[in-house]
Amino acid sequence: MAKRRRDHRPSDLSDSSSTSKRAFSGRCSACTAPLPAKRPAAQPRKKYLHLVVNDWDRGYSIYRADEDCFSSDADVDAYPDAPRPAAASQRLLVRMVAQHAYSQCFAAHGSKILAMYPAQSSPGIPAFDTEALAMTVCPSPMSRGECGTNKYLYASAGGRLWAFVYPFVEVLEPEPPATKESWSWASVESMPPFHSLCVTSYAVHPDGRTIFVSVGRRMINPGTFTFDVESLEWTYVGDWTLPFKGQAYYDHELDAWVGLCNRKEGIGHVCSSDVPPATGCATMPVWKLGVEVFFDTSSERHLGATLVYMDNSRFCLVESRMAKDGDFYPRLVKMTSFMLKYGKEGELRVAGRRTYASMDYQLPHKHIDRCLDPIAFWV
């Protein structure tokens, strides 16, 4: 179904695959905080919640929130009306020049956050390394010019960042050692069998090489497809769709994908789904709706929500709200971290400690993001 790529191939991909590359366009270093001390090789890198916020007149700011500083209150339901101060839990790390109204064009891969739709004058894509606290520049993919007109999907799988921006499929190879060779994208000839505007949800299979993508009713043949990042082939799985809105994450304790529910009866809830075989299945996997309600879309102050997986079976629900009734520009971001488990009757419930934090900011311009869901990454 898929064609092999043209000129070159990234390492570890099929010998029969070919690619076309665009060379690294430059490199610079910038730092807004002291470099962290070098850690022992055996010690895992500590991760944080990173928020991409539209509070700068030239682009976006990236804040780091430390969950250890979130407040805990077992007697308060998720998302109380009163903001919970989080000044001690977050700090401004860096600002990135990027085109306003396209916060969805940010992607995370490894320890880096990339502004995939930078300023038009930019020769490349700014990338912030959250571990080194340094800026670098990534070359632009062919699809960069399409980000402003098409929907986009970025997924990390097989140790690479995959960009699906119709009609392109591109892969960002691992960053080479400094001064050794060019950092580059590779173009994949196997075009998606659907328009990226129609994507409703996606998830990476626990095998690490298979991406499941569901497309909605605007398609002539809606359903779910898989993309194998090693064979570079698309497969039509069936006429069912994943029950999630946007990205879902695999949780090993539940042995299930978890995400925000996109079904009418489940808006404001999280849900879980059994993981089908990587080869797919003809019928929709069993899924369960979470008991708790995390946000109310009928509220005039609610703007959007994003679910982030924080490893070790812990999640964070990030909600964007108007800070004041009827005033669109002051914003409030609320963060709730929690764990999930199945109850005695198999129901999906919140388990363990639930913690809260919030931050507020002001939009300095009238360039409103096309998507009001907050942008957050656990890296």
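Please read these numbers as outputs of a predicted model, since none were measured by experiment.
- Taking NE2 of His365 as the reference point, atom CH2 of Trp56 lies at 10.5 Å (rounded to 0.5 Å).
- Two rings, from Tyr202 and Phe212, have their centers 6.0 Å or more apart.
- Aromatic ring centres of Phe194 and Trp234 lie closer together than 6.0 Å.
- For Arg91 and Asp66, the salt-bridge test fails: no basic side-chain N is under 4.0 Å from an acidic carboxylate O.
- Here the CG atom belonging to Leu332 is positioned 9.5 Å from the CE atom belonging to Met359, to the nearest 0.5 angstrom.
- Look at Arg314 and Glu67 and you find a salt bridge, because one of the NZ, NE, NH1 or NH2 atoms lies within 4.0 Å of a carboxylate O, short of that distance.
- The backbone N or O of Ile211 sits nowhere less than 3.5 Å from a side-chain atom of His205 that would complete a donor-acceptor pair.
- Checking Asn54 against Tyr102 by side-chain atom types alone, no donor-acceptor pair falls below 3.5 Å.
- With rounding to the nearest 0.5 Å, the separation of CZ in Phe294 from CG in Leu260 is 9.0 Å.
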Self-check item: Stepwise side chain to side chain donor-acceptor pair (under 3.5 Å) test for His302 and Glu319
Solution: CA-CA 8 Å; His302 173 82; Glu319 183 190 12; 2.7 Å; yes
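- Remark: Arg64 is positioned above the aromatic ring of Tyr48, its terminal NZ or CZ atom under 6.0 angstrom from the ring centre and at most 45 degrees off the axis.
- Between Lys112 and Glu175 there is a salt bridge, since a side-chain N of the basic residue sits under 4.0 Å from a carboxylate O of the acidic one.
- Remark: side-chain polar atoms of Gln99 are paired, donor with acceptor, to backbone N or O of Pro118 under 3.5 angstrom.
- Remark: the backbone N or O of Thr241 is not paired with any side-chain donor or acceptor of Ser214 at under 3.5 angstrom.
- Arg209 and Glu230 are joined by a salt bridge, as a carboxylate oxygen and a charged side-chain nitrogen come within less than 4.0 angstrom of each other.
- Within the 3.5 Å criterion, the main-chain N or O of Cys281 finds a donor-acceptor partner in the side chain of Trp240.
- Side chain of Lys288 to backbone of Gly346: a donor-acceptor contact under 3.5 angstrom is found.
- Once rounded to the nearest 0.5 Å, the distance linking CG of Leu92 with CD1 of Ile62 reads 9.0 Å.
- Counting heavy-atom neighbours within 6.0 Å of Gln362 CD, excluding the residue itself, gives a total above 12.
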Begin with the C-alpha distance, continue with both residues' side-chain angles, and end with the deciding distance and a verdict on side chain to side chain donor-acceptor pair (under 3.5 Å) for Thr210 and Asp228. CA-CA 5 Å; Thr210 309; Asp228 189 310; 4.7 Å; no
Check against salt bridge (charged side-chain N to carboxylate O under 4.0 Å, His left out), Lys334 and Asp360:
CA-CA 9 Å; Lys334 291 192 170 186; Asp360 60 305; over 6 Å; no
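- Between the side chain of Arg301 and the backbone N or O of Arg321 there is no donor-acceptor pair closer than 3.5 Å.
- Note that Arg331 lies in the cation-pi zone of Phe328, set by a 6.0 Å cut-off to the ring centre and a 45° limit from the axis.
- Between the Tyr60 side chain and the Phe106 main chain, no donor and acceptor come within less than 3.5 Å of each other.
- Without hydrogens or angle criteria, Ser61 side chain to Arg95 main chain gives no donor-acceptor distance under 3.5 Å.
- Atom CD of Glu300 has 12 or fewer neighbouring heavy atoms from other residues, nucleotides or ligands inside a 6.0 Å radius.
- Between the CE atom in Met322 and the CG atom in Leu372 there is a gap of 10.0 Å [rounded to 0.5 Å].
- Linking ILVMFWY side-chain heavy atoms closer than 4.5 Å, directly or via other members, places Phe244 and Val204 in two distinct hydrophobic clusters.
- Note: the hydrophobic cluster containing Tyr63 also contains Phe70 (ILVMFWY, side chain heavy atoms under 4.5 Å, direct or indirect links).
- More than 12 heavy atoms of other residues, nucleotides or ligands lie within 6.0 Å of CZ in Arg263, so this atom counts as buried by the packing criterion.
- Criterion: ILVMFWY side-chain heavy atoms under 4.5 Å apart, direct or through other members. Under it, Tyr236 and Leu153 are part of a common hydrophobic cluster.
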Item to check | From CA spacing to verdict: side-chain contact (heavy atoms from CB on, under 4.5 Å), Phe377, Ile113 | outcome: CA-CA 8 Å; Phe377 305 106; Ile113 297 175; 4.1 Å; yes
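- Atom CD of Gln247 is separated from atom OG of Ser156 by 8.5 Å, given to the nearest 0.5 angstrom.
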Ser272 vs Tyr342, side chain to side chain donor-acceptor pair (under 3.5 Å): CA-CA, chis, key distance, verdict: CA-CA 10 Å; Ser272 66; Tyr342 291 128; 3.1 Å; yes
- Task: In sequence, state the C-alpha distance, the side-chain angles, and the governing distance for Tyr309 and Asp251, and then conclude on side chain to side chain donor-acceptor pair (under 3.5 Å).
- Result: CA-CA 8 Å; Tyr309 184 55; Asp251 179 72; 3.0 Å; yes
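- Each of Tyr154, Tyr152, Phe227 was scored for a ring pair (Phe, Tyr, Trp, His ring centres under 6.0 Å) with Phe164, with one residue passing: Phe227.
- Here the side chain of Tyr117 pairs no donor or acceptor atom with the backbone of Ser103 at under 3.5 angstrom.
- Between the side chain of Asp129 and the main chain of Glu131, a donor-acceptor pair closer than 3.5 Å is present.
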